[in-house]
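Residue numbers start from 1 in every chain, and the chains themselves are labelled A, B, ... in the order their sequence lines are given, proteins ahead of strands. As a basis for the values below, the full set of heavy atoms in this structure was taken, side chains included, without hydrogen atoms, waters or symmetry mates.
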There are 2 protein chains.
Amino acid sequence: MPDNESRFQQLAARLKEHDYRLTPQRVALLRLIASSEGHPSAAHLYEQIKAQFPTTSLATVYKTLNLLKDLGEVLELGFSDDDNRYDGSRPDPHPHLICMRCRKILDPQVSLVDDLTQEVAEQTGFQVISHRLDFYGLCPDCQQNQ
Amino acid sequence: MPDNESRFQQLAARLKEHDYRLTPQRVALLRLIASSEGHPSAAHLYEQIKAQFPTTSLATVYKTLNLLKDLGEVLELGFSDDDNRYDGSRPDPHPHLICMRCRKILDPQVSLVDDLTQEVAEQTGFQVISHRLDFYGLCPDCQQNQ
DNA sequence: TAGTCTACGGATAACCGTTATCCATAGTAA
DNA sequence: TTACTATGGATAACGGTTATCCGTAGACTA
C-alpha cells in the first residue's frame, strides 16, 4: 500500500493528465482523500476541508469526488439509508467490513473472493463484471464497549 | 423452495399471528410478493396491484413491504442510485446477481459464502452479523442480445 | 499588461425514492 | 347502534445528491 503522500501525487497526476486544474480546494481534498482512514463520507470531508477553506461548498466536495470516481481513482460505496462513503486508497472493487455501531469501514484482506465470483458465474451463466461485497457486524472496539 | 401458494399462506399466517388485518389490498400484495420473480421494486408492485385495486396508493405498498420486512419475511435490497428491490422468497441474507442491462436480479446457489464470511471475521476480529453480497454483470440473455 | 475565454467554486434550487402526516372509513367489539 | 382502532389513500415532507446559475480566478494570446 502506498503512503499518503505518494497516493496524493498519484491523484494529482491523474487530474493533470486530463487537464483538470489543481485548485487549492482540490489539492486540499486530494490530500484528505489520500490520507483518510475508515472511508469518509462527503459530509465528513466537507467538515474537514472547512478548517482550511471555510467558504468551501459541499457541492465542490461532491464534484471532486465524482471527478475522481469517473477517473477510476475513487470507489464510491452507496448506501440507500445512509451517506455514501468513499474509498480513495483502493479504487478496485473489494470486500468491506462495516461496523453497525460506529459505522467504521475496513478493508479486509481476503483470498476467497475470486473463488466465490467464479462459483457464481459458473452457477448462473452470468458474465460477472463487478461486485459489491459488504459484511456487517461489530468491530473489536465496539464488541468490548457495548 | 416452497410454491407460491404455500409461501403466500406463510406470509398471511405471519400477519395474523401479529394481529395485523388481512385486508384485500394486503392479500393482493402478499400474493404478488409470494409469486414474483426477479425481485420487484415497490413501484413495480404498485403497477401490478393497480390492475386489481386501481385506487391503491404507493404508500400502502411501502407500508406492507416494511411490515413484512420488520417481521423478517422480506429482504430489502437498497440501492442508492435506483429503486429498492424486494425479495419475498428468501428473507435471509444471500448473494444476488444483478444484470446491469435489464436489471433482473437472481439468487445464485453458492457454497463459499460461509467460508468467505469466516475468512473475513478471522482476518479482522469482527463479529460478523450479516452481509450484502451483490455481483454485477450480464445475464445470459443480455450477453446474446447486446 | 491588457483582454478574452473557460473551467471552476459557491450558493442554492431541484431531484427523487422513501417516509411521515393527516384524515376518512372499514372493520371489530361491546 | 355506538365507539374505537387499524388501515388505506392522498400528499407533504425528508435528506442525500445533483443540477443550475453566476461571478471569478487563472490561463492563454498578442
A.B. asks: Rounded to whole Å, please give me the gap between NE2 in H18(B) and P in dA6(D).
C.D. replies: 16 Å

A.B. asks: Provide, to the nearest angstrom, the distance between the NZ atom belonging to K16(A) and the P atom belonging to dA27(D).
C.D. replies: 11 Å

A.B. asks: Using residues 98-106 of chain B as the side-chain source, report each donor-acceptor pair under 3.5 Å to any protein atom, sequence neighbours left out, with the distance given to one decimal.
C.D. replies:
unit_1	atom_1	unit_2	atom_2	d
R101(B)	NH2	N145(B)	O	3.3
R103(B)	NE	D82(B)	OD2	3.3
R103(B)	NH2	D82(B)	OD2	3.0

A.B. asks: Can you pull the side-chain hydrogen bond (donor to acceptor under 3.5 Å, both in side chains) pairs that have at least one residue in residues 114-123 of chain A, sequence neighbours excluded?
C.D. replies: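 Qualifying pairs, neighbours excluded: Q118(A)-E122(A), E119(A)-S111(B).
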
A.B. asks: Just by protein heavy atoms under 4.0 Å, how would nucleotides 6-12 of chain C read 5' to 3' in B, S and -?
C.D. replies: BBSBBBB

A.B. asks: For E76(B) and dT19(C), give me the distance from atom CD to atom C1', rounded to whole Å.
C.D. replies: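 It works out to 12 Å between those atoms.
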
A.B. asks: Round to a whole Å and report the spacing from CG of L68(B) to P of dT7(D).
C.D. replies: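 After rounding, the gap between these two atoms is 12 Å.
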
A.B. asks: Measure from CG on L65(B) to P on dG17(C) and round the result to the nearest Å.
C.D. replies: 15 Å

A.B. asks: Which whole-number value in Å describes the distance from D82(B) CG to dC15(C) C1'?
C.D. replies: 15 Å

A.B. asks: In whole Å, I'd like the distance from the CG atom of D70(B) to the P atom of dT19(C).
C.D. replies: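 Interatomic distance, CG of D70(B) to P of dT19(C): 10 Å.
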
A.B. asks: Check the angle between the aromatic planes of H39(A) and H94(A) and answer parallel, tilted or perpendicular using the 30° and 60° thresholds.
C.D. replies: tilted

A.B. asks: Enumerate donor-acceptor pairs with a distance under 3.5 Å from any side-chain N or O in residues 46-53 of chain A to protein atoms, sequence neighbours excluded.
C.D. replies:
none

A.B. asks: List for me each residue that meets ring pair (Phe, Tyr, Trp, His ring centres under 6.0 Å) alongside H44(A), sequence neighbours excluded, and say none if there are none.
C.D. replies: none

A.B. asks: Can you tell me if the side-chain N/O atoms of N66(B) get under 4.0 Å from OP1 or OP2 in dT19(C)?
C.D. replies: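 True: N66(B) side-chain N/O within range (under 4.0 Å) of dT19(C) OP1/OP2.
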
A.B. asks: Who pairs with H131(A) by ring pair (Phe, Tyr, Trp, His ring centres under 6.0 Å), at least two apart in sequence or on another chain?
C.D. replies: none

